[in-house]
*Asks:* 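First the structure, which I've put down as structure tokens, then a few questions once you've had a look.
Every chain is numbered from 1, with letters handed out A, B, ... down the list of sequences. All heavy atoms count here, side chains included; hydrogens, waters and symmetry mates do not. Note that the structure is predicted; figures quoted are calculated from it, not measured.
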Amino acid sequence: MKKLFLLAVLCLFTVVLQAQSPTGASRFTLQGRAVDTAAAPLPSSTVMLLSPKDSSLVNFTRADDKGAFAFKNIKAGSYVLKISFVGLIPYNQVVKSDGEAVVNLGDLKLKPITKELFEVVVKTAKAPLTIKGDTIEYNASSFKVPAGSTVEDLLRKLPGVQVDQDGNIRAQGQEVKKVTVDGKNFFGNDPKQATKNLQAEAITKVQVFNDKTEQAKLTGIDDGKKEKTVNLELKEEFKKGGFGKVTAAGGPASNNVSARAEAKGSYNKFNAKHQFSLVGLGNNTNQQGLSRDDYQDFRGSNAYNSNQNADFGFSGGNYFYFSDSGDEGLGIPVSGRQGVGFSNNAAGGVNYNYDTKPKKWSGSYYYNQTRIELDAERRRDNTLPQNEYKTEENSNQVNFNGNHRVSARYEQEMDSLNSLVFINNSRYGIGDGYLSRLQNLIRSNGATTINATENRSTQRQFATSNSLIYRHKMRSKKGRSFAASATYEVNTNDATLNLNSTNTYSGPITTADRLADIHQDQRNNIIRSEYKASLQFVEPFAKRFTWETFYNFSLRNDEVDRDVFNRSDNAARVDSLSLYYKNNYIYNRLGSSVRYSHKGLNLSVGLAGQRFSLDGQFAPDQTSSRFNQINRVFTTFIPNVGLNYDLKKNRYLYGGYNVSVQIPTSRDLQPVINNSNPLFINVGNPNLLPQLGHNLNIGFNYFNPGSFMNAYIGINGTKYVNQIVYSQETDPQTLVTTITPENLSGGQNMGSYIGFGFPLKKTKATLDLNGGINLGTNPAKINRILNDTKSQNYNVGARLSLTPAEWLTFYGNANYNVTNTQFSINANRDQTFSNTNWGGELTLRLPHSLYINTTMNYRISINEQLNFDQRIPLWNASLYHILGKAKRAEIRLTAIDMLNRNVAVSLNRGVNYTQSETIQTLARYFTIGFTYNMRGVQAKMRREGFY
Amino acid sequence: MKKLLIILCLLTSSAAMAQKTEGIVTYERKTYWTKLIARLTFLSQEQKDRAAQTWKNDDEYKEKMKLAFNANESLYAYPTDEPTDGGYSWRNSDLFLYRNFEKDKKTDIIEMLGKTYIVEDSLHTPSWKIGNQIKDIAGYICMKAETEDPIKKQKITAWFAQDIPVPAGPERYNGLPGLILELNINDGDVIIEATNVTFKSLTPDDLKLPKTKGKKINDAAYDALIKQHVAESISAHRNPYWAIRY
């Protein structure tokens, strides 16, 4: 009663006040009281004053303990008053001041949100619940329904909504008369039509509200009756899509080059969970594989995977590796470079990825084949302890290679603590080759051996690698984890070789200088299998320290069955060249490291002990009564220090010391005598030990994102112990060289690099400079005399990027590289070779979506000792036009090597020789091409950085 | 007796109030790089799709952030004692955002573009639009508010707690009737969501800015710097957000 009186007095007072200022105040006070439906005060409720135009916040306050609030001294005008209190529907009211000094709104009642809605939707599902007046909006993705469910199933899940057996819907107790889709009626007025036919997956929001009746809408007379209406909002289809691309180009035959053609196509289809893609290509323009972009489009989310490494160890360090060269890898070949020689290529594949948070799996099949023709000329300057000689070689070879690749990957996150990954990569390859070769061995006195070889070969290879990795995070402590892995790998190679070698001679040749002719059939059957297992345990034993312990086991089993038959001698078996070889190579490693990590500094120190044991036997034949036995054990300790320091202002320091251990390849280990080139015979060495390399490196990077300036410098060095080197024994009479791997210590390499890049004019011109020095000493025995090959390599380069306008870009580069080589066995045979490269690329956009791109590359290779001086300019150009408004198609004229000068030239250095190699390569040709890209063609004006 | 009770009641309730205006919020800041890449105007649709398809499983980059607040002040920064979870420790660029609501002052220490900047100015509260949605974040019922970053042209959605009456928030956002517990930049390119709110009395250290040398600028200069960097990066075909905060 007292209160009421007070209120009445207050009201009177207000009226009086108003009366006192009839002209209207420019400022006023707004007050009121927030209460619930039972008139109980809502203390501390949030009271906001919004602009009615765009609901922008003008002022806010908190109600006091009695729910009362006041905004003082606010500008006259209209506002939206909004009051919110947890568990209640926010209160909205338009407030206008008509010149009163105080506007008192009295008690403002906030209605409760149904308890069910509040508890279930807001609290449990954590779904945003939108309340717009009477409308309540549900976020469909917050309510999980099985794949393939209809909207009806989804509605059943929504709190406050019931669906009966016949599909009739009730919302907040009332029958739903109407279901609309994006505000429009769906198949007439039967609400069940929409809910039974639409997929739940297509829905993003469900809104429940009271709508005017159809009658009221039609007549425009509001009869006050309201119908419960459900509106379904459809998802934007942005996560679902498909795209494809096809390119075809062809050109006529010209100057000894037959007609050229290339075609490439890809198609992708995807939604949030699935990715499906197809790719195909074919050409005779030396494009041997997918480009990196093609590969990424093809493999999608499986293009790059982390969590792949099944060989645990010192973090990030490749502690041991097999480098079995000669085999193609298991992964899909990706090449950005133009091949050499003349090749016809075809490839195609299909890939499917399924990605959800707990389960991911991926499968792919890819086939590629290449037929390559190589015409090569090689000139070699050989140094022997006593003398020197020259080799001239001309060869023609045609190789065919076809590979089927299958890959599968399965990853499961069983829960937040356990995950499992299975990876399979397999390849089946068939190949055949033809080689015709003429080699001249020219002695200093002019006596020459002329060897003609003709080889035909076939091979069938199968390789598979399967890994299972299990990772477990311990619940007991954050950061404590355990991992285990198992790997099984098999490689088989079934190869045949038909070898024919005949010799003729010129000059003052003696009988002892002569060689036997060879006519042999060879068959090689090689099986290599490997079983690996690894364990790892990580323990964070203090805030900034992590302790990691690992164990690795590997068993490699090699088996070689080689039969050599003399065709000229009634196919008699040649025991000296035939071989049966078998081994077990067991590897055990136990190691531990401690890492300190804090504020960008990571420093780790570790030690591991390794034990290798080789247990093998060989004989000329499986049935031999006496086998040669090999038993070797090798134990070593390897230390490891790693430093990564992320310094302030984008500076980064890194370095480390580690010992790399390289196990001999199967090919180097097997005592096979490979005479496929009868003048250079390779023999394996069953006594080889693993190679140790003590590596030390340190480097520094800097980047200034404000000025776009960058700089880097680094140095690294390796000192080898038991380096696997290829020693040579050249018969002084016949000049046949036998090459055998053996362990020698004393080799070392040192490399350094420096670079600096800065904008000449920001965003328009950038200059990058770089340089490096590499020094090396590599030992090998030449005719049992130790030869140290010392080399010094110096390189400098500059790159200029000009992007003055959107319609013009130019990239230029210049590089100079020189190598000096000295052989300790012969002081007079020092070699110097140099490569100089000048390059430029200009792209111009002309009116009418017309573009010109032209590149020029000029390469100079010089070696005075070999009298070698090659200067090759390569000039390419293309003119293209992007068609249509949608810019989905392109027509392109391309001219490759307009000066018709392309040959592949390389200069290289071996243990005791320098060699120049020239391979005839596809030169000038012209094509006209057409591209259609569903996503649109964009002219490539600039070279891409990372983005 | 009755009066005493009321006083007691008032005391306890005010004590409760005091507790609700002082404490520490832990946020998880998630960056979705492919969404961000999809906004780069210089990339073709093909490049955007390629990035989205390739990185769809590794898209999310998470970091932890910390906001210390009381009724008048707040400090938003990286947590100092971040455990490394068996992984490596990467250095975070300096970021300390201090707000004083009472004095209408802010001091931001931001390392970006190869320099450390100290932005000192008044609060410059953005113009918030209040929506009608409510949702639960870390156990608090939040309301929706929206605004726009006029420099980076980003749509900002904030969810503020109805019952934590502090105008503080993560990143450079503040000025709502309640503590901001979620900030959503550009429809989910970056989401900063509170994972935990602890009410406790702060020590002076919790709100203390480190002593750092830097270039002192005001809001206008900061905006100009960001604007220039974004424009330059886009024209140089670089992603501007490798070097500045999104």
*Asks:* Is it the case that over 12 heavy atoms from other parts of the model lie below 6.0 angstrom from the NZ atom of K359(A)?
*Replies:*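 Counting other residues, nucleotides and ligands, NZ of K359(A) stays at 12 neighbours or fewer.
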*Asks:* Does atom NZ of K66(B) have more than 12 heavy-atom neighbours from other groups under 6.0 Å away?
*Replies:*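 Yes, the 6.0 Å shell around NZ holds more than 12 heavy atoms from other groups.
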*Asks:* Under a 4.5 Å heavy-atom cut-off, does chain A meet the side chain of A161(B), its backbone, both or neither?
*Replies:*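 For A161(B), backbone heavy atoms alone lie under 4.5 Å from chain A.
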*Asks:* Side chain, backbone, both or neither: which part of Y652(A) has a heavy atom under 4.5 Å from chain B?
*Replies:*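 Contact with chain B: side chain only.
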*Asks:* Of the backbone (N, CA, C, O) and the side chain (C-beta and beyond), which part of Y645(A) lies under 4.5 Å from a heavy atom of chain B, both, or neither?
*Replies:*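 Contact with chain B: none, neither part.
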*Asks:* Less than 4.5 Å to any heavy atom of chain B: does that hold for the side chain of K648(A), its backbone, both, or neither?
*Replies:*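 Its backbone and side chain both get close to chain B.
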*Asks:* Heavy-atom distances under 4.5 Å only: say whether Y702(A) touches chain B with side chain, backbone, both or neither.
*Replies:*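 No part of Y702(A) comes within 4.5 Å of chain B.
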*Asks:* Could you have a look at T46(A), D355(A), N650(A) and say which one has the most heavy-atom pairs with chain B under 4.5 angstrom?
*Replies:*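 Going by pairs under 4.5 Å, I would pick D355(A).
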*Asks:* Count the heavy-atom pairs under 4.5 Å between each of M709(A), Q275(A), M941(A), K764(A) and chain B, then report the option with the highest count.
*Replies:*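 Among the listed options, the one with the most contacts to chain B is Q275(A).
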*Asks:* Taking atom types as modelled, is there a side-chain donor on N933(A) or R888(A) under 3.5 Å from an acceptor on the other?
*Replies:*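 The criterion, which ignores hydrogens and geometry beyond distance, is not satisfied for R888(A) and N933(A).
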*Asks:* Taking the six-membered ring for Trp, are the ring centroids of W128(B) and F160(B) within less than 6.0 Å of each other?
*Replies:*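 Between W128(B) and F160(B), the centre distance exceeds or equals 6.0 Å.
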*Asks:* Could you check whether the rings of Y354(A) and H274(A) sit parallel, tilted or perpendicular, using 30° and 60° as the cut-offs?
*Replies:*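 Answer is tilted, since the angle falls between 30° and 60°.
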*Asks:* Chain B heavy atoms under 4.5 Å from S301(A): which part of the residue, side chain, backbone, both or neither?
*Replies:*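 Contact with chain B: backbone and side chain both.
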*Asks:* For N644(A), is it the side chain, the backbone, both, or neither that has a heavy atom closer than 4.5 Å to a heavy atom of chain B?
*Replies:*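 For N644(A), the contact with chain B is made by the side chain alone.
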*Asks:* Of the backbone (N, CA, C, O) and the side chain (C-beta and beyond), which part of S93(B) lies under 4.5 Å from a heavy atom of chain A, both, or neither?
*Replies:*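 Neither part, no heavy atoms under 4.5 Å.
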*Asks:* Side chain from CB out, backbone as N, CA, C, O: work out which of these in E539(A) comes under 4.5 Å of a heavy atom of chain B, or both, or neither.
*Replies:*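 The answer is neither part of E539(A).
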*Asks:* Is chain B contacted by the side chain of K245(A), its backbone, both, or neither, given a heavy-atom distance below 4.5 Å?
*Replies:*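 Only the side chain of K245(A) comes within 4.5 Å of chain B.
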*Asks:* Please state whether the side chain, the backbone, both or neither of L176(B) comes within less than 4.5 Å of a heavy atom of chain A.
*Replies:*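 Contact with chain A involves both backbone and side-chain atoms of L176(B).
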*Asks:* Side chains of E46(B) and Q938(A): donor-acceptor distance under 3.5 Å anywhere?
*Replies:*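 Per modelled atom types, E46(B) and Q938(A) side chains form no pair under 3.5 Å.
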*Asks:* Looking at K144(B), Q228(B), E232(B), which one has more heavy-atom pairs under 4.5 Å with chain A than the rest?
*Replies:*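 Answer, by heavy-atom pair count under 4.5 Å with chain A: E232(B).
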*Asks:* Let me see the working for S56(A) and D54(A) under side chain to side chain donor-acceptor pair (under 3.5 Å), right down to the final yes or no.
*Replies:* CA-CA 5 Å; S56(A) 58; D54(A) 58 357; 2.9 Å; yes
*Asks:* Name the region of D94(B), side chain, backbone, both or neither, that has any atom closer than 4.5 Å to a heavy atom of chain A.
*Replies:*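 For D94(B), the contact with chain A is made by the side chain alone.
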*Asks:* What residue, out of K360(A), K940(A), R651(A), has the most heavy-atom pairs lying under 4.5 Å from chain B?
*Replies:*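 With the most close heavy-atom pairs to chain B, the winner is K360(A).
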*Asks:* Carefully, step by step, assess E111(B) and T116(B) under the rule side chain to side chain donor-acceptor pair (under 3.5 Å).
*Replies:* CA-CA 4 Å; E111(B) 183 191 341; T116(B) 302; 5.0 Å; no
*Asks:* Would you verify whether the NZ or CZ of K152(B) falls within 45 degrees of the ring axis of Y246(B) while also being under 6.0 Å from that six-membered ring's centre?
*Replies:*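 K152(B) over Y246(B) ring: no.
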*Asks:* Please determine whether salt bridge (Lys or Arg N to Asp or Glu O under 4.0 Å) holds for the pair D65(A) and R62(A), giving the CA-CA distance in whole Å, both sets of side-chain angles, and the decisive distance to 0.1 Å.
*Replies:* CA-CA 9 Å; D65(A) 292 345; R62(A) 289 273 163 177; over 6 Å; no
